[in-house]
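What you see is a predicted model, and the numbers here were worked out from it, not measured in a lab.
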Amino acid sequence: MTEPQIFEPEGRAIPFVVEGEGPVSLVLLPEGEIRADGLGVISHYLVEEAGFHVVLIGARAASAGADEQVDDVVAVLDHLGLEHTWIGGHGAGGTVARAFAAAHPERSNGLLLLGVEETQTPLTPLIPVLIIQGADDEITLPANGDALQATAPERASVKTLDGAGHSFPLTHPIETAFIIEEYLDWD
C-alpha cells in the first residue's frame with residue numbers, strides 16, 4: 001500500500017492514501033487504522049486489476065464521531081478535487097459512508113457497505129448500494145445487511161461470503177475486491 005499522507009485542515013490530522021487514476025473513483029473508510037483492516041489490499045487489487053482510482057481515508061482520532069468523520073471526508077475530497085465518488089467502508093467505516101451519502105447525495109455515485117452496523121441511518125434515495133458481508137460475522141450480523149437491503153430491494157444488493165467472519169476484508173480481500181469490481185462492472 002502507498003504510504004499514507006496527512007491532510008491538516010484547521011489543525012485536524014486526517015490520514016489518507018490515493019492510488020490509481022482510473023475512471024471509477026471509490027473512497028474507502030476503514031473500521032480502524034488505515035492499514036489495519038484489509039482495505040489496503042482490496043484497494044491495491046482494484047487499482048492494479050480493475051483500473052480504479054481509490055482513496056482510503058482514515059479517522060483522525062478514535063474519538064471522532066460520525067459527523068466529524070463526514071466533515072473529514074468532505075475536506076479530503078475537496079483537497080483532492082474529487083466532486084463525486086462511490087463511497088464505502090467496513091463496519092463503522094460503512095456507517096460513516098452512509099452518513100456521508102445522506103448528507104451529500106450529490107457527491108455520492110453509490111454506496112458500498114462491508115458489513116452493516118445496526119444503525120438508524122437510512123439509505124440515501126436513488127443511489128445504488130452494494131452490501132458485502134461475512135456469513136459468520138458476529139459483530140456486524142448478516143441480518144443487519146439483509147434488513148437494510150429489504151428497505152430498498154430495487155437498488156440494494158447483498159453478497160455474502162461463506163466462511164467469512166467480521167474481518168473478511170482482511171481474510172478474503174481478493175474475493176471482496178472481485179465482488180466490488182464485478183458489481184461496478186468496470187472490467
Trainee: Counting C-beta onward and ignoring hydrogens, is there a side-chain heavy-atom pair between I127 and T124 closer than 4.5 Å?
Mentor: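 In short, these two side chains touch, coming nearer than 4.5 Å.
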Trainee: Check the hydrophobic clustering (I, L, V, M, F, W, Y; side-chain heavy atoms under 4.5 Å; chains of links allowed) and say if I6 and V76 are grouped together.
Mentor: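 No, I6 and V76 fall in different hydrophobic clusters.
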Trainee: Within the 4.5 Å heavy-atom criterion, are L80 and V18 side-chain neighbours or not?
Mentor: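 Yes. Closest side-chain heavy atoms under 4.5 Å.
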Trainee: Please report the shortest heavy-atom distance between A75 and I14, naming the atom on each side.
Mentor: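 Closest pair (atom of A75, atom of I14, distance): CB-CD1, 4.4 Å.
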Trainee: With F168 as reference, evaluate T140, D136, T176 under the side chain to side chain contact (heavy atoms under 4.5 Å, CB included) test and give the passing residue.
Mentor: T176
Trainee: Side chains of H44 and V54, heavy atoms from C-beta outward: is any pair under 4.5 Å?
Mentor: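 H44 does not reach V54 side chain to side chain.
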Trainee: With distance as the sole test, does H172 use its side chain to make a donor-acceptor pair with the main-chain N or O of A177 at under 3.5 Å?
Mentor: no
Trainee: Got a second to check how far I87's CD1 is from S25's OG, nearest 0.5 Å?
Mentor: 11.5 Å
Trainee: State the CZ-CG distance between R98 and L29, to the nearest 0.5 angstrom.
Mentor: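 So the CZ of R98 and the CG of L29 are separated by 13.5 Å.
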Trainee: Any idea which heavy atoms bring P142 and D137 closest together, and the distance?
Mentor: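 Distance-wise, the nearest heavy atoms are CD-O, 3.5 Å.
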Trainee: Any donor-acceptor pair under 3.5 Å linking the side chain of Q149 with the backbone of S157?
Mentor: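 Pair absent, no side-chain N/O of Q149 close to backbone of S157.
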Trainee: Looking at every non-hydrogen atom in both residues, tell me the closest pair between L184 and F52 and how far apart they are.
Mentor: CD1-CE2, 3.3 Å
Trainee: Within a strict 4.5 Å, meaning less than it, do heavy atoms of the P173 and Y45 side chains meet?
Mentor: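 No - every pair of side-chain heavy atoms lies 4.5 Å or more apart.
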Trainee: Identify the two heavy atoms, one from A101 and one from S108, that lie closest to each other, and give their separation to 0.1 Å.
Mentor: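 Closest approach of A101 to S108: CA-OG, 3.3 Å.
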Trainee: In Å, rounded to the nearest 0.5 Å, how long is the span from CD of E118 to OG1 of T95?
Mentor: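 So the gap between those two atoms works out to 10.5 Å.
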Trainee: Apply salt bridge (Lys or Arg N to Asp or Glu O under 4.0 Å) to residues R107 and D78 and explain how you reach the verdict.
Mentor: CA-CA 11 Å; R107 296 188 82 168; D78 289 348; 2.8 Å; yes
Trainee: Between H90 and H166, does a ring pair (Phe, Tyr, Trp, His ring centres under 6.0 Å) hold up when you go through it step by step?
Mentor: CA-CA 9 Å; H90 177 225; H166 182 66; 4.6 Å; yes
Trainee: Quick one, N144 with Q133, criterion side chain to side chain donor-acceptor pair (under 3.5 Å). Give me CA distance, side-chain angles, the key distance, then yes/no.
Mentor: CA-CA 9 Å; N144 297 345; Q133 54 194 11; over 6 Å; no
Trainee: Would a 4.5 Å heavy-atom cut-off, applied to side chains only, mark E49 and F178 as touching?
Mentor: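 Of all side-chain heavy-atom pairs linking F178 with E49, none is under 4.5 Å.
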Trainee: For R12 versus D71, what's the shortest heavy-atom pair and its separation?
Mentor: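 Of all heavy-atom pairs spanning R12 and D71, the closest is NH2-O, 3.9 Å.
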Trainee: CG/L130 to CD/E182 distance, rounded to the nearest 0.5 angstrom?
Mentor: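 Taking CG in L130 and CD in E182, the distance rounds to 10.0 Å.
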Trainee: Does V47 share a hydrophobic cluster with I174, counting links as ILVMFWY side-chain heavy atoms below 4.5 Å and allowing steps through other members?
Mentor: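 Shared cluster, yes.
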Trainee: Following the transitive rule for hydrophobic clusters with a side-chain heavy-atom cut-off under 4.5 Å over Ile, Leu, Val, Met, Phe, Trp and Tyr, establish whether V116 and L141 coincide in one cluster.
Mentor: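 No, no single cluster joins them.
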Trainee: Find the distance between CG (L114) and CD1 (I131) and round it off to the nearest 0.5 Å.
Mentor: 10.5 Å
Trainee: Under 3.5 Å, side chain of T151 to main-chain N/O of A147, donor-acceptor pair present?
Mentor: no
Trainee: So does D146 have more than 12 non-hydrogen atoms from other groups sitting under 6.0 Å from CG?
Mentor: yes
Trainee: Can you say whether the rings of F16 and H79 are parallel (under 30°), tilted (30 to 60°) or perpendicular (over 60°)?
Mentor: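 Answer is perpendicular, since the angle exceeds 60°.
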Trainee: Restricting to non-hydrogen atoms, name the atom on G40 and the atom on L56 that form the minimum distance, rounded to 0.1 Å.
Mentor: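 Smallest heavy-atom distance, with atoms named: CA-CD1, 3.9 Å.
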Trainee: Is any side-chain heavy atom of Q69 closer than 4.5 Å to a side-chain heavy atom of I57?
Mentor: no
Trainee: Find out whether H53 and L26 are in side-chain contact, i.e. whether some heavy atom of one side chain is under 4.5 Å from a heavy atom of the other.
Mentor: no
Trainee: Is it the case that atom CD in E106 sees more than 12 heavy atoms from other parts of the structure closer than 6.0 Å?
Mentor: yes
Trainee: Heavy atoms, side chains only, cut-off 4.5 Å: are V55 and L28 in contact?
Mentor: no
